Number of protein chains: 2
Amino acid sequence: MDARSAPASIEELLDRILEVSDGLPKRLRQCAEYVAANPDRVAVSTVAEMSEGAGVQPSAFMRFCQVLGFSGFSQMQRLFRDSYAQNWPDYATRLEKLRESGAGSPSALLAEFVEAGRLSLENLAKTLDPRALDTAIKALSEANMVHIVGMRRAFSVASYLAYAFEKMNVPTMLHDSVGNLDSRHAIREGDAVIAITFAPYSPETVALAEAGARAGAKVVAITDSLASPLRPVTPLLLTVSEADFGDFRSLSATLSLAVALVVAVGTANRARKNGIP
Amino acid sequence: MDARSAPASIEELLDRILEVSDGLPKRLRQCAEYVAANPDRVAVSTVAEMSEGAGVQPSAFMRFCQVLGFSGFSQMQRLFRDSYAQNWPDYATRLEKLRESGAGSPSALLAEFVEAGRLSLENLAKTLDPRALDTAIKALSEANMVHIVGMRRAFSVASYLAYAFEKMNVPTMLHDSVGNLDSRHAIREGDAVIAITFAPYSPETVALAEAGARAGAKVVAITDSLASPLRPVTPLLLTVSEADFGDFRSLSATLSLAVALVVAVGTANRARKNGIP
DNA sequence: GCCATTATGGAAGATATGTTCCATTTTTCA
DNA sequence: TGAAAAATGGAACATATCTTCCATAATGGC
């Protein structure tokens with residue numbers, strides 16, 4: 001066995017498996033194949049489960065880990081667990097460090113936000129429930145009019161949605177708070193409301209969503225956790241968790257979701273107008 | 001505590017958290033909030049890690065699990081581990097699958113926008129000139145007040161900048177076009193203007209940037225090409241090219257740049273106030 | 001076919017992790 | 001304000017899990 005140190009990333013690990021598996025004895029090769037086929041299980045399984053899956057004894061699996069350069073299963077598992085959970089590094093402390101170390105140059109900062117944005121996007125693609133998206137789009141495209149509400153940070157998203165829907169010829173009303181005019185009575189049965197809010201949730205947004213629901217409109221919520229106050233209001237919940245960086249979120253994922261919504265609804269409407277059922 | 005049995009799915013679990021968290025004591029509520037905000041960590045963490053994250057003792061976290069109806073942490077963790085193995089085809093292959101399968105399905109569309117966003121972010125990190133960023137930040141942080149203007153699609157970015165600057169205690173004015181009131185005379189010498197516009201460029205935005213320059217304010221332009229009409233107006237040009245998808249852009253990169261700007265300016269200001277040169 | 005070498009299985013030992021208990025602190029209500 | 005109830009923190013305990021070891025089985029070369 002070679003004395004190289006343990007792989008530092010999952011890619012590296014899979015490379016090494018590929019590299020050594022030809023010269024491996026039967027049982028160890030079973031392990032190699034099982035891990036290569038089910039890398040996702042490593043993070044959440046015990047040696048017993050893994051070895052059973054591979055059809056070998058725990059001790060064999062143990063040897064396999066060591067052949068790969070790990071001290072044991074635990075070390076290998078840490079790699080997988082980190083790549084899963086620590087995909088969301090603690091950006092707050094990272095920002096701290098950048099500031100302290102003086103490496104906090106604007107470009108370094110930008111790089112961090114770019115990275116945060118990328119993680120958020122990947123996470124969105126991985127976690128968003130396609131069925132939830134489908135039902136949300138169905139509700140929106142059947143609506144007579146789409147009402148949009150979002151305050152503070154979410155206002156950027158709301159205004160973008162309003163812009164894009166308008167461009168797609170979807171009847172839209174953006175509920176802003178100019179003049180503190182309350183326009184909740186504009187929401188009528190057969191309409192739809194898109195409510196966007198992130199922690200700390202704006203009461204105004206929630207209130208308007210509730211008013212919409214009472215008026216008989218379908219409510220689509222874009223929010224950041226299943227613990228959102230919008231959850232009791234509507235079953236149509238699209239959750240987007242953005243990677244934090246300090247006190248700020250990039251909104252990259254949220255905006256991508258927004259564009260996807262608009263385009264999907266826009267095309268659905270167009271299809272209907274052209275007589276396709 | 002009620003004697004109902006343990007939740008059988010993560011959805012059910014989050015529902016129950018929502019349901020009970022109001023009547024929970026302080027520490028247990030901390031647990032509830034932490035779990036709701038980081039459900040992904042449960043699968044790969046130990047009680048010690050979870051309780052540390054929530055800021056409580058392991059025993060408190062234990063009690064929390066039991067209030068939810070589980071026998072202990074292990075049982076709750078099993079729920080997450082089981083559900084985890086399923087939704088983990090990795091990002092790349094998932095994207096492939098989406099494209100192959102429902103070419104026009106909403107999820108496929110979302111995947112496209114996610115991909116577009118990612119490309120834009122990578123491109124931004126690669127192409128943005130660090131020196132341009134530095135000078136822009138210097139100009140902004142030396143300004144008495146920051147004026148922000150952007151129309152149509154760029155309005156989302158403008159409103160986000162306004163929100164974030166305000167949060168950073170930077171004096172800010174968002175120039176919208178409510179009531180078609182013209183507020184260009186609010187811009188004075190020693191101020192700075194951030195003008196955001198993309199093709200087809202809004203004349204109003206360009207006009208306001210020009211007015212600002214004439215008034216003796218520094219103008220920072222966020223735009224999409226060097227051929228922008230803002231080029232003659234100011235040397236401080238930050239160009240961001242977003243990947244198009246159909247008629248829409250995701251704005252992911254632009255927003256990341258925006259956050260970076262804000263945080264950099266905010267910290268620069270704070271440093272100055274504390275007497276650091 | 002025999003010996004040396006390597007691989008394997010199972011069980012025993014070490015360690016990390018989950019769980020419970022109880023003294024102490026904090027809160028609540030009279 | 002004082003007593004009762006609830007909540008909390010930390011340490012002790014139990015257990016699941018990882019890891020090592022070695023006797024036995026299989027393999028390969030001579």
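Values in this document were obtained by computation on a predicted structure and should not be read as measured data. Chain letters run A, B, ... following the sequence lines, proteins first, then strands; residues in each count from 1.
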*Give a yes-or-no answer on whether the side chains of A:Thr223 and A:Ser228 include a donor-acceptor pair shorter than 3.5 Å.*
yes
*Once you round it to whole Å, what is the distance between P of C:dT15 and CD of A:Gln75?*
16 Å
*B:Phe61 CZ - C:dT19 P separation (whole Å)*: 11 Å
_Tell me the interatomic distance from A:Met62, atom CE, to C:dG10, atom C1', rounded to whole angstroms._
15 Å
*Donor-acceptor pair, A:Ser51 side chain versus A:Ala48 backbone, under 3.5 Å?*
yes
*Determine the contact category for B:Thr46: base if any of its heavy atoms lies under 4.0 Å from a base atom, sugar-phosphate if only primed atoms, P, OP1 or OP2 are that close, otherwise nothing.*
sugar-phosphate
*Assign the ring pair A:His175 / A:His147 to parallel, tilted or perpendicular, where the plane angle (0 to 90°) is split at 30° and 60°.*
tilted
*Calculate the interatomic distance between B:Gln66 atom CD and C:dG18 atom P; express it in whole Å.*
14 Å
*asked:* Just the rounded figure in Å: distance from C1' of C:dT8 to CZ of A:Arg29.
replied: 16 Å
*Check every nucleotide of DNA chain D for an atom under 4.0 Å from a heavy-atom of chain B, then give the first and the last such nucleotide from 5' to 3'.*
D:dA7 to D:dG10
_Evaluation steps, side-chain hydrogen bond (donor to acceptor under 3.5 Å, both in side chains), between A:Glu242 and A:Thr254_ = CA-CA 8 Å; A:Glu242 297 270 0; A:Thr254 313; 2.9 Å; yes
*asked:* Please determine whether a side-chain nitrogen or oxygen atom of A:Arg63 lies at a distance below 4.0 Å from atom OP1 or OP2 of C:dG9.
replied: no
*Interatomic spacing from CG in B:Leu68 to SG in B:Cys31 - rounded to 0.5 Å*: 10.0 Å
*Is any side-chain N or O of A:Gln57 closer than 4.0 Å to OP1 or OP2 of C:dA7?*
no
*Nucleotide C:dT24, atom C1' - distance to CZ of B:Arg27 in whole Å*: 14 Å
*Taking atom P of C:dA16 as reference, at what distance in whole Å does atom CZ of A:Arg78 sit?*
10 Å
*Quick one: does B:Arg27's side chain get under 4.5 Å of B:Phe64's, heavy atoms only?*
no
*What's the spacing between A:Thr46 OG1 and A:Gln77 CD if we round to 0.5 Å?*
8.5 Å
*Give B:Ser59 one of three labels, base, sugar-phosphate or nothing, depending on what nucleic acid heavy atoms sit under 4.0 Å from its own.*
base
